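Below is one structure, written out as structure tokens; comments come after it.
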Amino acid sequence: MPAELPLVEARGVGVRRGGRWLLRDVDIKVARREVVTLIGPNGAGKTTLVRVLLGLLGADTGEVRREEGVTVGYVPQRVQFDPTLPLTVARLMTLTSRRPIDAVTEALDETGVGHLLGARVSDLSSGELQRVLLARALMRLPNLLVLDEPLQGVDYTGETELYDLIAAIVDRRGCGVLMVSHDLHIVMAATDRVVCLNHHVCCTGAPAEVVGHDEFRRLFGPRTAAGAAVYRHVHDHVHDLAGDVADGDDRGTHAGAG
Amino acid sequence: MLDDFFVRALLAAAGVACVASPVGCILLWRRMAYFGDTMAHSALLGIALGVLIGLGPSYGVFIVAVAVAILLVVLERFAPVASDTLLGILSHSTLALGVVTLALSGNGHRHDLLGYLFGDVLAVTARELVVIWGGGAACLVVLAMVWRSLVAAILHADLARAEGVPVLRLQIVYVVLMAAIVAAGMKVVGVLLVVALAIIPAAAARAFSRTPEQMALLAAGVGVAAGVLGLFGSLWLDTPSGPSIVVAAAILFLASFAAWPAARSSR
């Protein structure tokens with residue numbers, strides 16, 4: 001039997017804007033039943049990479065391949081809807097596809113916001129909106145779930161619950177998940193593979209493998225123990241002003257370290 | 001019944017409002033009122049060119065409005081000025097160029113010009129009425145077909161595209177719809193006021209709507225009411241019909257504004 005093709009795969013992807021490489025020579029893939037988490041400092045190009053993988057942004061170099069007919073469930077980063085457009089939660093749920101009201105209610109119940117079915121979207125808290133958007137993405141029965149900082153504004157207990165839910169759904173439906181997260185606690189618990197991005201792939205591997213590495217310890221170690229979501233990005237190489245690796249220490253070296 | 005010029009005027013105003021106000025909702029949501037205005041202001045140039053090349057004024061207006069919209073999108077990408085500057089330049093220069101071209105082509109009589117600028121709905125013919133209602137019905141069918149995708153694309157373009165909505169194609173659809181409204185609305189309220197007929201009813205409907213569909217239907221209702229009230233007002237006060245319709249729409253908007261707090265808390 002031939003090896004199963006990934007749901008989405010990028011090879012050597014580069015995105016250049018204003019003479020600066022936002023992404024350079026990035027390889028990443030997501031297979032069925034796999035949770036891949038993208039971590040990295042602010043402005044590292046995580047959202048840019050997500051948009052390239054979804055086909056929302058063209059890459060200047062390299063290639064992106066998505067499996068044909070793949071159904072995407074997407075929760076974008078920091079969604080804010082313009083209040084000039086009147087919208088209820090029920091209507092938001094059926095934005096791009098009609099669904100029976102039972103299916104809508106069931107999906108909302110799953111993420112704990114079934115009671116908000118008739119609420120105005122402009123009245124939701126950011127945590128409630130994130131739960132609604134997650135319910136919306138899951139209701140589409142996706143093969144590929146793409147979550148860009150999906151649980152901003154959701155409290156800690158709620159977050160753990162929702163990640164458990166995502167894990168359960170991966171088990172049940174066999175979909176692949178690409179997630180952008182700041183929360184290392186969650187990354188360790190719920191991820192098959194971690195990709196650390198800072199314009200290029202700094203290191204990648206299973207959480208257990210990555211954790212054992214010096215570079216990862218230096219990046220996240222002391223903070224992870226405290227369960228904190230904040231970390232400082234520490235490098236064994238230097239980025240110049242254009243975001244390029246200045247000392248020529250490229251991914252080949254990191255492959256050993258990550 | 002269609003022999004009565006006033007009945008024809010009422011039907012023409014109602015027909016245009018039925019389509020203009022739902023499309024006005026889209027202009028409002030996308031914050032593109034001034035974009036619509038720029039398309040409308042190019043209409044005089046369309047009239048002149050349409051007459052010159054023998055297509056007739058309405059087709060000329062439609063084609064030039066679409067061309068200006070395309071030009072705007074292209075220039076926005078490449079011109080070294082902000083997009084509101086660009087809109088200001090294009091809006092007024094196409095208007096001026098239209099008046100100049102009309103004068104050069106011998107169609108620039110003062111009376112005609114006023115009719116183009118502020119509408120001449122009392123002079124609408126039975127044949128024009130058929131075109132307005134036929135074209136209006138076609139526009140509403142197209143709008144209904146793309147509506148769900150259009151709302152999704154307006155609300156969050158990335159989310160819509162990721163879920164398979166053809167966002168670029170939809171942008172073309174509503175530019176074409178807007179051009180059709182300019183061509184039809186020119187007869188009713190004139191090129192200077194046609195965008196008002198689109199956006200004022202939409203703005204009045206906002207506070208009373210919970211969903212985009214409610215807002216579009218309510219806006220159409222407010223637009224028709226403004227048309228009827230404005231025309232009776234103009235008959236009663238002997239005022240120009242097009243501006244009277246827009247004044248009626250503005251009064252309805254102010255009334256909705258007054259009712260806003262009550263609507264907000266109950267809805």
Side-chain angles (χ1 to χ4, degrees), chain A residues 8 47-48 50-58 66 68-99 117-123 129 132-134 136-137 139-148 150 178, chain B residues 22-33 144-170 174 198-219 253 256 260 263-267:
Chain A
V8 61
T47 295
T48 304
V50 165
R51 297 187 70 225
V52 168
L53 289 170
L54 287 171
L56 302 174
L57 188 72
R66 263 184 312 283
E68 244 176 86
V70 68
T71 305
V72 174
Y74 178 34
V75 177
Q77 191 183 24
R78 274 191 282 276
V79 174
Q80 275 184 331
F81 294 126
D82 190 332
T84 54
L85 202 161
L87 200 66
T88 58
V89 168
R91 183 63 181 79
L92 174 61
M93 293 295 283
T94 55
L95 200 59
T96 53
S97 51
R98 288 173 190 278
R99 289 291 152 91
L117 183 71
R120 264 188 306 244
V121 170
S122 54
D123 290 345
L129 180 59
V132 169
L133 289 171
L134 183 61
R136 209 183 151 276
M139 193 183 66
R140 293 172 50 77
L141 307 178
N143 320 110
L144 177 62
L145 197 55
V146 180
L147 311 170
D148 194 348
L178 175 66
Chain B
V23 174
C25 291
I26 297 167
L27 286 183
L28 220 67
W29 297 332
R30 297 217 51 193
R31 298 170 189 265
M32 283 179 61
M145 279 165 56
V146 300
W147 182 260
R148 187 166 287 266
S149 306
L150 203 52
V151 170
I154 291 166
L155 199 64
H156 201 295
D158 267 4
L159 189 59
R161 275 178 69 194
E163 292 178 1
V165 173
V167 172
L168 186 68
R169 220 180 306 162
L170 289 167
Y174 82 67
I199 64 167
I200 297 176
R206 170 59 187 96
F208 305 93
S209 316
R210 286 177 68 87
T211 64
E213 292 71 33
Q214 279 176 7
M215 181 162 157
L217 290 175
L218 204 54
F253 170 71
S256 84
W260 189 301
R264 183 75 193 154
S265 59
S266 70
R267 282 235 163 214

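Quick caveat, the model's predicted, so the values are computed rather than measured. Here is how names work: the chains are called A, B, and so on, in the same order as the sequence lines, proteins then strands, and each is numbered from 1.
Note: Leu56(A) leads Leu95(A), Leu56(A), Leu54(A) in heavy-atom pairs under 4.5 Å with chain B. Chain A forms more heavy-atom pairs under 4.5 Å with one residue of Ala157(B), Pro212(B), Cys25(B) than with any other, namely Pro212(B).
Proximity to chain A involves both the backbone and the side chain of Leu159(B), based on heavy atoms less than 4.5 angstrom apart.
Partners of Tyr174(B) according to the ring pair (Phe, Tyr, Trp, His ring centres under 6.0 Å) rule, which considers only residues two or more places apart in sequence or in another chain, do not exist here.
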Please tabulate, one pair per line, all N/O donor-acceptor pairs under 3.5 Å involving side-chain atoms of residues 68-80 of chain A, not counting sequence neighbours.
| residue | atom | partner | partner atom | Å |
| --- | --- | --- | --- | --- |
| Gln77(A) | OE1 | Thr47(A) | OG1 | 2.9 |

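Residues of residues 84-94 of chain A having a heavy atom under 4.5 Å from any heavy atom of chain B, listed by number: Thr84(A), Leu85(A), Pro86(A), Leu87(A), Thr88(A), Arg91(A), Leu92(A), Thr94(A).
Sequence neighbours left out, the pairs with a member in residues 158-168 of chain B that pass side-chain hydrogen bond (donor to acceptor under 3.5 Å, both in side chains) are Arg51(A)-Asp158(B), Thr96(A)-Glu163(B), Arg136(A)-Glu163(B).
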